[in-house]
Protein chains: 2
Amino acid sequence: MTKKYNISVEATLEVIGGKWKPVILCHLMNGKKRTGELKRLIPKITQKMLTQQLRELEHDGIINRIVYNQVPPKVEYELSAYGNSLREILHSLCIWGEHHIERTYGDTKDYLEDSILNQ
Amino acid sequence: MTKKYNISVEATLEVIGGKWKPVILCHLMNGKKRTGELKRLIPKITQKMLTQQLRELEHDGIINRIVYNQVPPKVEYELSAYGNSLREILHSLCIWGEHHIERTYGDTKDYLEDSILNQ
DNA sequence: CGTAATTGTTACGTAAAAGTGCCTACCCTA
DNA sequence: TAGGGTAGGCACTTTTACGTAACAATTACG
């Protein structure tokens, strides 16, 4: 049963869209991260959503999951080479979004969470 | 009640995301369109979703709604100057999506609707 | 007079996405 | 032996997005 896209943009948004994937991806753009590290960087995400989104990104080939066989467990996530091809796109989306927030609200700082990503 | 974004990408996706906005926008990239014309170009969209999405795009300043005062009614939608600033972004999203479909399924033609947009 | 043409609205129902709470496994250390 | 630290699973509820179907307004035309 072949799902059809109206237009290829939809395929991209299926990969990078949703409530949490953009943040996760942007953090991983700045380098490999452990699970708990991501949770700290994105305080409002729940354990469930975090792992769920990471699984989907992994499935789409965007990130690599690196498991260290030790106790307590250690797992790292990093952008794959393929995922890296999203870098420019995400950057453009960031820039445009910033302009849009500014255009809509007058300034950005009240509408962006405190985060190393928003500096 | 200030909604906060984790990252500005989210603001962009709020504007161009969802099930129908990308298609609508891409059609409007090719020029002004009447309501019925859009409905024909996007056969599976319902009247309700079409107008709902158009209203939101208008509200965000992305498109202009041009009403001709005549009967039967005539309304046209066109990309605004501001909306035009999304052109490059949508184009990149298209390109990446095409590659992704190809990478995932082997070819694109079985996964993209017949449409002047997919040529 | 009744109907077609065009754009749009509204109330309601369904399906998909996100959130909550509690549970597991493992070894180490106090 | 009880608890900490790390990653993650599962059942269930809530919220949001999307879809369906019927209705409105206006004028021209047969």
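So you know, we letter chains A, B, ... as the sequences are listed, proteins then strands, and number each from 1. Just the heavy atoms: all of them, side chains too, but no hydrogens, waters or symmetry mates, feed the values below.
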Taking CG from A:Leu50 and C1' from D:dT6, how many angstroms apart are they, rounded to a whole number?
13 Å
Checking A:Thr12 now: which residues fulfil side-chain contact (heavy atoms from CB on, under 4.5 Å) with it, not counting sequence neighbours?
A:Ile16, B:Leu93, B:Trp96
With sequence neighbours excluded, what pairs up with A:Asn69 under the side-chain contact (heavy atoms from CB on, under 4.5 Å) test?
none
Quick one: list whatever passes side-chain contact (heavy atoms from CB on, under 4.5 Å) with A:Thr46, sequence neighbours left out.
A:Lys48, A:Met49
When you measure from the side-chain N and O atoms of B:Trp20 to the phosphate of D:dA17, is any distance below 4.0 Å, counting only OP1 and OP2?
no
When rounded to whole Å, the CD to C1' distance for the pair B:Gln70 and D:dA25 reads 15 Å
Within this structure, what is the NE2-OH distance for the pair B:His99 and A:Tyr82, rounded to the nearest 0.5 Å?
9.0 Å
Are any side-chain N or O atoms of A:Ser92 and backbone N or O atoms of B:Ile89, one a donor and one an acceptor, separated by less than 3.5 Å?
no
Whole-Å gap separating P (C:dA25) and OH (A:Tyr68)
26 Å
Go along nucleotides 1-10 of chain C 5' to 3' and tag each nucleotide: B for a protein heavy atom under 4.0 Å from its base, S when only backbone or sugar atoms are that close, - otherwise.
----BBBBBB
Can you establish whether the number of heavy atoms outside B:Glu88 located under 6.0 Å from its atom CD is more than 12?
no
Could you tell me how far apart A:Asn69 (CG) and C:dC26 (P) are, to the nearest whole angstrom?
12 Å
Should side-chain heavy atoms under 4.5 Å link Ile, Leu, Val, Met, Phe, Trp and Tyr, which residues sit in the same cluster as A:Tyr68?
A:Ile66
Side chain to side chain donor-acceptor pair (under 3.5 Å) between A:Glu58 and A:Tyr77: does it pass, once the steps are laid out?
CA-CA 9 Å; A:Glu58 191 194 2; A:Tyr77 294 93; over 6 Å; no
Taking atom P of C:dG19 as reference, at what distance in whole Å does atom NZ of A:Lys44 sit?
11 Å
How bent is the helix from C:dC1-D:dG30 to C:dA30-D:dT1, measuring the angle between the end axes built from five pairs each, rounded to 10°?
30°
Atom CE of B:Met49 and atom P of D:dT20 are separated, to the nearest Å, by 11 Å
